[in-house]
Enquirer: 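If you scroll down you'll find the structure; I have some questions about it.
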Amino acid sequence: MNDTLKEKVLILIPVINNYKIFKDPFYFKENINNRKSETISLIQALNVNILDNIIIKINNFSSANLFNDEICKNLLQLVNQLKVNLLIVDFQLSPIQQRNLEVFLKIKVIDRTKVILEIFSSRAKSREGKIQVELASLSFQKTRLVRSWTHLERQRGGGGFIGGPGERQIELDRRIIDKKIKSLKLNLNKVIKTRLIQNNKRKNSSSIIVSLVGYTNTGKSTLFNNLTNSKVISKNMLFATLDPTLRVMKHDMSYKKNIILSDTVGFISSLPTELIESFKSTLEFINQSDFLLIVNDISDKNMLAKYEIILKTLENLGLSDNFLKNNVINVFNKIDLVQDLSDHMLYKNFQNSIFISSFNKQNIKELKKSIYNFSLKQNFN
């Protein structure tokens, strides 16, 4: 796409200085380097023209604009100077804050939730995935029925969430949205029932189901492809996999049961509530697994923090501590990107750990053997 056709974006990254006003450590100053990198990667996935990114320290929230008056005035000068037409705030804005910022700055404003919704919208391929994205979008839109830029949104046209829900009937009232949500949930339940029947058939056919889980962009899909001889999309981008994909693991070992691998959506820090609720049916497939492969990027200096996010997400999905201790193989991927592996030997303390590169055929054979032996050891029925 030609840059002249892209949104000209300014990114604001609020950093919480006063820990009493907000509890999520993802937004604290200690995490700024990791967060900034992740935020920019997210927004790059929108195919927009990023003009600049600004870190803004916050001691107290403004309920009206999030930022204080001085910051807002400086923002207005910068927006006019850079000729920005889309402001992205890496935070969850209230409907009032979003509307007031749009009125004051006279440009479109979206927040972190909206960014992730847009990415998910472009990634969903299956009927289930598309329904879940639309559910999340409507749940988000429901809180933002009163908007200030409907006239511009109508003029802009086009699809996608960046332009705002205006292209998809901005004046939908609460009753119509609720009716649509109810209809989508009925359709989703039908899809879920069909999938549950298929899963039960797999269980009854002496199959073992293993889910690959991990932070987004850790190489899960590449690993999945090499374990199953598949060609699932595995680009170096966030949320390359949105819909769960099932394949039989290809191996030469004599074993009476099929080992079926499931590739699932990657996790991320501070995942919006709307997405967690809408995608529970997909993520709950993990609950039906016999065991998990937690895939980690060993070349990522923030790997341990991301590992904690993975565990927290899995716990929120209902997996017990006992399951996470006894039914997990920890895969430390991308060793080809690490110059001195001895610096990472502390990860050997992780239970059932294996160090691999997804591109190394011998490593893949070793991982297959580990999966096979783990299946025998656990004695799955």
Side-chain angles (χ1 to χ4, degrees), residues 120 123-132 188 191-235 238-251 255 257-268 271 275-276 278-296 310-311 313-320 323-324 326-331 333 352 354 356 358 364 367-368 370-372 374-375 378 380-381:
F120 271 48
R123 301 283 194 263
K125 304 300 179 187
S126 72
R127 182 168 175 241
E128 183 177 6
K130 289 176 180 178
I131 291 173
Q132 289 173 132
L188 184 59
V191 176
I192 292 170
K193 285 179 181 178
T194 301
R195 177 157 50 78
L196 287 174
I197 291 170
Q198 293 171 341
N199 291 344
N200 287 332
K201 286 181 179 178
R202 292 187 189 100
K203 287 286 187 181
N204 294 331
S205 64
S206 297
S207 295
I208 292 173
I209 298 178
V210 183
S211 286
L212 278 72
V213 300
Y215 211 81
T216 190
N217 215 24
T218 55
K220 281 192 305 91
S221 294
T222 299
L223 182 58
F224 178 83
N225 284 341
N226 291 334
L227 288 170
T228 61
N229 296 345
S230 302
K231 294 183 179 179
V232 174
I233 184 172
S234 58
K235 293 181 180 178
L238 300 181
F239 304 120
T241 301
L242 190 56
D243 302 304
T245 308
L246 303 179
R247 297 287 188 277
V248 174
M249 187 178 85
K250 306 296 183 182
H251 61 84
Y255 194 41
K257 297 183 179 182
N258 283 329
I259 298 177
I260 298 176
L261 300 185
S262 166
D263 191 14
T264 58
V265 62
F267 301 154
I268 193 170
L271 193 64
L275 285 173
I276 293 174
S278 297
F279 279 81
K280 260 188 176 177
S281 65
T282 298
L283 293 172
E284 280 177 356
F285 185 84
I286 296 169
N287 277 323
Q288 301 162 23
S289 304
D290 292 295
F291 63 96
L292 309 179
L293 298 185
I294 296 183
V295 183
N296 305 279
I310 295 167
L311 292 182
T313 305
L314 292 172
E315 288 170 358
N316 288 339
L317 291 173
L319 272 69
S320 67
F323 184 93
L324 294 174
N326 299 308
N327 294 63
V328 167
I329 296 177
N330 288 294
V331 180
N333 191 24
N352 303 315
I354 182 169
I356 69 158
S358 294
I364 295 298
L367 178 56
K368 285 182 177 181
S370 294
I371 294 170
Y372 168 80
F374 194 78
S375 301
Q378 298 298 95
F380 296 113
N381 295 315

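Computation of the quantities below employed the complete heavy-atom set of this structure, encompassing side-chain atoms and omitting hydrogens, waters and symmetry-equivalent molecules. All values reported here derive from a predicted model rather than from experimental measurement.
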Enquirer: To the nearest 0.5 Å, what is the distance between CD1 (Ile260) and OG1 (Thr228)?
Expert: 11.5 Å

Enquirer: Is any side-chain heavy atom of Asn333 closer than 4.5 Å to one of Thr222?
Expert: no

Enquirer: Would you check if Leu314 and Phe267 make a side-chain contact, meaning some heavy-atom pair closer than 4.5 Å?
Expert: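 A side-chain contact exists here, since the closest heavy-atom pair is under 4.5 Å.
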
Enquirer: Scan side-chain atoms only and decide if Asn226 and Ser358 contain a donor-acceptor pair under the 3.5 Å cut-off.
Expert: no

Enquirer: Within the side chain of Thr218, is there an N or O that forms a donor-acceptor pair under 3.5 Å with the backbone of Tyr215?
Expert: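 Yes.
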
Enquirer: Is any side-chain heavy atom of Ile208 closer than 4.5 Å to a side-chain heavy atom of Ile371?
Expert: no

Enquirer: Output the distance between atom CZ (Phe224) and atom CG (Asn229), rounded to the nearest 0.5 Å.
Expert: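 Separation between the atoms: 11.0 Å.
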
Enquirer: Say you draw a straight line from CD1 of Ile286 to OG of Ser211; how long is it, rounded to the nearest 0.5 Å?
Expert: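 With rounding to 0.5 Å, CD1 (Ile286) is 5.5 Å from OG (Ser211).
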
Enquirer: Does any part of the side chain of Gln288, heavy atoms only, come nearer than 4.5 Å to the side chain of Ile209, both counted from C-beta?
Expert: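 Heavy-atom side-chain distance check fails, nothing below 4.5 Å.
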
Enquirer: Would the distance check show the side chain of Asn330 and the main-chain N or O of Val328 forming a donor-acceptor pair, the cut-off being under 3.5 Å?
Expert: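 No; judged by distance alone, with no hydrogens or angles, the pair does not exist.
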
Enquirer: For Leu292, is there any backbone N or O sitting under 3.5 Å from a side-chain donor or acceptor partner on Asn327?
Expert: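 Here the side-chain-to-backbone pair does not exist.
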
Enquirer: To the nearest 0.5 Å, how far apart are OG in Ser289 and CG in Leu212?
Expert: 9.5 Å

Enquirer: How long is the span from the CE atom in Met249 to the CG atom in Leu367, to the nearest 0.5 Å?
Expert: 7.5 Å

Enquirer: Please examine the side chains of Asn352 and Asn326, heavy atoms only from C-beta on, and report whether any two atoms are closer than 4.5 Å.
Expert: no

Enquirer: Could you give me the CA-CA distance, side-chain angles and deciding distance for Asn225 and Asp263, then say whether side-chain contact (heavy atoms from CB on, under 4.5 Å) is met?
Expert: CA-CA 9 Å; Asn225 284 341; Asp263 191 14; over 6 Å; no

Enquirer: Atom CG of Leu227 and atom CZ of Arg247: how far apart are they, to the nearest 0.5 Å?
Expert: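 Between atom CG of Leu227 and atom CZ of Arg247 there are 13.0 Å.
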
Enquirer: What pair of heavy atoms forms the shortest contact from Leu188 to Gln132, and how long is it?
Expert: CD1-CG, 3.9 Å

Enquirer: Do Asp290 and Val210 come close enough that some side-chain heavy atom pair is under 4.5 Å?
Expert: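 Result no, sub-4.5 Å side-chain heavy-atom pair not found.
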
